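Remember, it's a predicted structure, so these values are computed and weren't measured experimentally. Each chain gets a letter, A, B and so on, in the order its sequence line appears, and its residues count up from 1.
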2 protein chains.
Amino acid sequence: MIDGPKVDGRKARGEKKRRAIVEATLRVIERDGIAGVTHRSVAREAGVPTTAPTYYFATLDDLLIATLLWSAEELCDDMLRIVASGGSAREIARSIARAVDENRGRTLAEYELYLLAGRRPELKAAARRWLDLAVEAVRPADPVAFRAFLAAVDGLLIQGLIADVAPGEDELEPIVSFLLRDCDDFTAAARGG
Amino acid sequence: MIDGPKVDGRKARGEKKRRAIVEATLRVIERDGIAGVTHRSVAREAGVPTTAPTYYFATLDDLLIATLLWSAEELCDDMLRIVASGGSAREIARSIARAVDENRGRTLAEYELYLLAGRRPELKAAARRWLDLAVEAVRPADPVAFRAFLAAVDGLLIQGLIADVAPGEDELEPIVSFLLRDCDDFTAAARGG
DNA sequence: AAACTTGTGGAACACTCGTTCAGGTAGTTG
DNA sequence: CAACTACCTGAACGAGTGTTCCACAAGTTT
């Protein structure tokens, strides 16, 4: 045989545990922020020995980077699903409302990635991923309007996180509508593409 | 005399040192982020003994909170100056361009405050301060358009922080113009009020 | 000048952290 | 079943942390 298709059971388990550690790290970030991520806290969360994270990731930074890259990947999938599903103002407003309420922890984690990327250039690409993907998917007729729209979504999210009560779908809908008022071609382009 | 106008020289020096510690803390945050704030790093930066920050602030959290409240205050002054000085699209674009380039550290610090506020309710008011102030100062005719505008400014700032090269004034100006296209009354109201 | 208050700072404690390392264990191969 | 290999982990080390404590200095009041 050209290449052994027989997988080493040891390596398979290793990969599984590796992913479990990354998932546990994301849970820790959602709960306590990046500040709460230590080898020990991650190990506790994942139910693995203290030294396991060190074994799988050379350094704590590597673990953080792996987690945030994976998180960005997941978020892009969500984003694409929303865009692909039509992307009306109502649906976008609902997504934002969910992001700052039910998925609050996750959204906070995402913005911690933003800030971390601000200080670590190697993370910039991951942090910007959903933006690049949005531009790619939509190919807007009016780039200026689209950039304004994307900026406003970011702003609504982050401002929603520090509101006394999280803004609801109904409160957000008119704002999103305003931003999209003569840009309905966004969604048409997304559907067509 | 009803009340001793004579100030205690000891307390005066104390207050001075207290403020020096807060300022040093802000410099540390701008350079290394909130993660880099420790009693010792702040003491080094301020040129005071290790135990000075503990003496003036019961806990590290108190120091952080004091620093961020003060920082928010300063930022509000800046904001008001921009609004009061006319607030054309060009000027706003220039402010944003500066915030993500020359004042990059400061802007990063400001968004770390946002995120911290997301996890600590007692900081929410401070984080939202410039927003509330903007609404108060402008009293927009179209609240929806104005909220969209404020959200977009936040988004442009945070996205500017994670761009490979920080966006310049010329790149931002059309976006700001777009957001203001039928809201010139913002600035008129600000000037008038 | 004596008594008193307030600010000051070096030493030290208990703790948590990231990381190392040698030994052990599970899976594979002959 | 024995030899081998790759994965795994408990114990431990050194570094850095927040905070406490107490002796001391500086300033104020009587």
Between [atom2] of [N] and [atom1] of [X], the distance in whole Å:
X: A:His39; N: C:dT19; atom1: NE2; atom2: P; result: 5 Å
X: A:Lys17; N: C:dG27; atom1: NZ; atom2: C1'; result: 14 Å
X: A:Leu60; N: C:dG18; atom1: CG; atom2: P; result: 5 Å
X: B:Asp61; N: D:dT17; atom1: CG; atom2: P; result: 16 Å
X: A:Glu15; N: D:dA6; atom1: CD; atom2: P; result: 16 Å
X: B:Asp62; N: D:dG18; atom1: CG; atom2: P; result: 14 Å
X: A:Ile21; N: D:dC7; atom1: CD1; atom2: C1'; result: 13 Å

Is the count of non-hydrogen atoms from other residues, nucleotides or ligands lying under 6.0 Å from A:Glu122 atom CD greater than 12?
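Yes, enclosed.
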Crowded around B:Arg31 CZ? As in, over 12 foreign heavy atoms under 6.0 Å?
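Result for CZ/B:Arg31: enclosed.
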Between protein and nucleotides 23-27 of chain D, what N or O pairs are separated by less than 3.5 Å?
{"from": "D:dG27", "atom 1": "N2", "to": "B:Arg10", "atom 2": "NH1", "distance (Å)": "3.4"}
{"from": "D:dG27", "atom 1": "N3", "to": "B:Arg10", "atom 2": "NH1", "distance (Å)": "3.3"}

Between the protein and nucleotides 13-15 of chain D, which nitrogen or oxygen pairs come in under 3.5 angstrom?
none

Distance-minimising heavy-atom pair for [X] and [Y]:
X: A:Thr50; Y: A:Arg40; answer: CG2-CG, 3.4 Å
X: B:Phe178; Y: A:Ala148; answer: CD2-CB, 3.7 Å
X: B:Ala109; Y: B:Glu30; answer: CB-CG, 4.2 Å

A:Tyr55: hydrophobic cluster co-members (side-chain, 4.5 Å):
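Via sub-4.5 Å side-chain contacts, A:Tyr55 links to A:Ile21, A:Val22, A:Leu26, A:Val28, A:Ile29, A:Ile34, A:Val37, A:Val42, A:Val48, A:Tyr56, A:Phe57, A:Leu60, A:Leu63, A:Leu64, A:Ile65, A:Leu68, A:Leu69, A:Trp70, A:Leu113, A:Leu116, A:Leu123.
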Mind checking side chain to side chain donor-acceptor pair (under 3.5 Å) for [X] and listing every partner two or more places apart, or none if nothing turns up?
X: B:Ser95; answer: none
X: A:Glu173; answer: A:Ser177
X: B:Ser41; answer: B:Thr38

Contacting residues from residues 22-38 of chain B, given that a heavy atom lies under 4.0 angstrom of DNA chain C
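By residue number: none to list.
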Just to be sure I understand the geometry, which residues of residues 48-56 of chain A put a non-hydrogen atom under 4.0 Å away from DNA chain C?
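Of all residues in residues 48-56 of chain A, the ones placing a heavy atom under 4.0 Å from DNA chain C are A:Thr51, A:Thr54.
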Which residue pairs pass the salt bridge (charged side-chain N to carboxylate O under 4.0 Å, His left out) test with at least one member in residues 57-68 of chain B, sequence neighbours excluded?
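Passing the test, one end in residues 57-68 of chain B: B:Asp61-B:Arg120.
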Without placing hydrogens or testing angles, list every side-chain donor-acceptor pair under 3.5 Å for residues 155-171 of chain A, not counting sequence neighbours.
{"from": "A:Gln159", "atom 1": "NE2", "to": "B:Leu150", "atom 2": "O", "distance (Å)": "3.3"}
{"from": "A:Gln159", "atom 1": "NE2", "to": "B:Asp154", "atom 2": "OD2", "distance (Å)": "2.8"}
{"from": "A:Asp164", "atom 1": "OD2", "to": "B:Arg128", "atom 2": "NH2", "distance (Å)": "3.4"}
{"from": "A:Glu169", "atom 1": "OE2", "to": "A:Arg90", "atom 2": "NE", "distance (Å)": "3.0"}
{"from": "A:Glu169", "atom 1": "OE2", "to": "A:Arg90", "atom 2": "NH2", "distance (Å)": "3.4"}
{"from": "A:Glu169", "atom 1": "OE2", "to": "A:Arg94", "atom 2": "NE", "distance (Å)": "3.1"}
{"from": "A:Glu169", "atom 1": "OE2", "to": "A:Arg94", "atom 2": "NH2", "distance (Å)": "3.3"}
{"from": "A:Asp170", "atom 1": "OD1", "to": "A:Arg90", "atom 2": "NH2", "distance (Å)": "2.4"}
{"from": "A:Glu171", "atom 1": "OE2", "to": "B:Arg147", "atom 2": "NH1", "distance (Å)": "2.9"}

Give a yes/no on whether any side-chain N or O of B:Thr59 is located under 4.0 angstrom from OP1 or OP2 of D:dT19.
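Affirmative; the distance criterion is met.
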Quick one: ring-ring contact (aromatic ring centres under 6.0 Å, His included) pairs with a partner in residues 112-137 of chain A, sequence neighbours left out?
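For residues 112-137 of chain A: A:Tyr111-A:Tyr114.
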side-chain contact (heavy atoms from CB on, under 4.5 Å) with A:Leu133: which residues, sequence neighbours excluded?
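Per chain and number, A:Leu133 pairs via side-chain contact (heavy atoms from CB on, under 4.5 Å) with A:Cys76, A:Met79, A:Leu80, A:Arg129.
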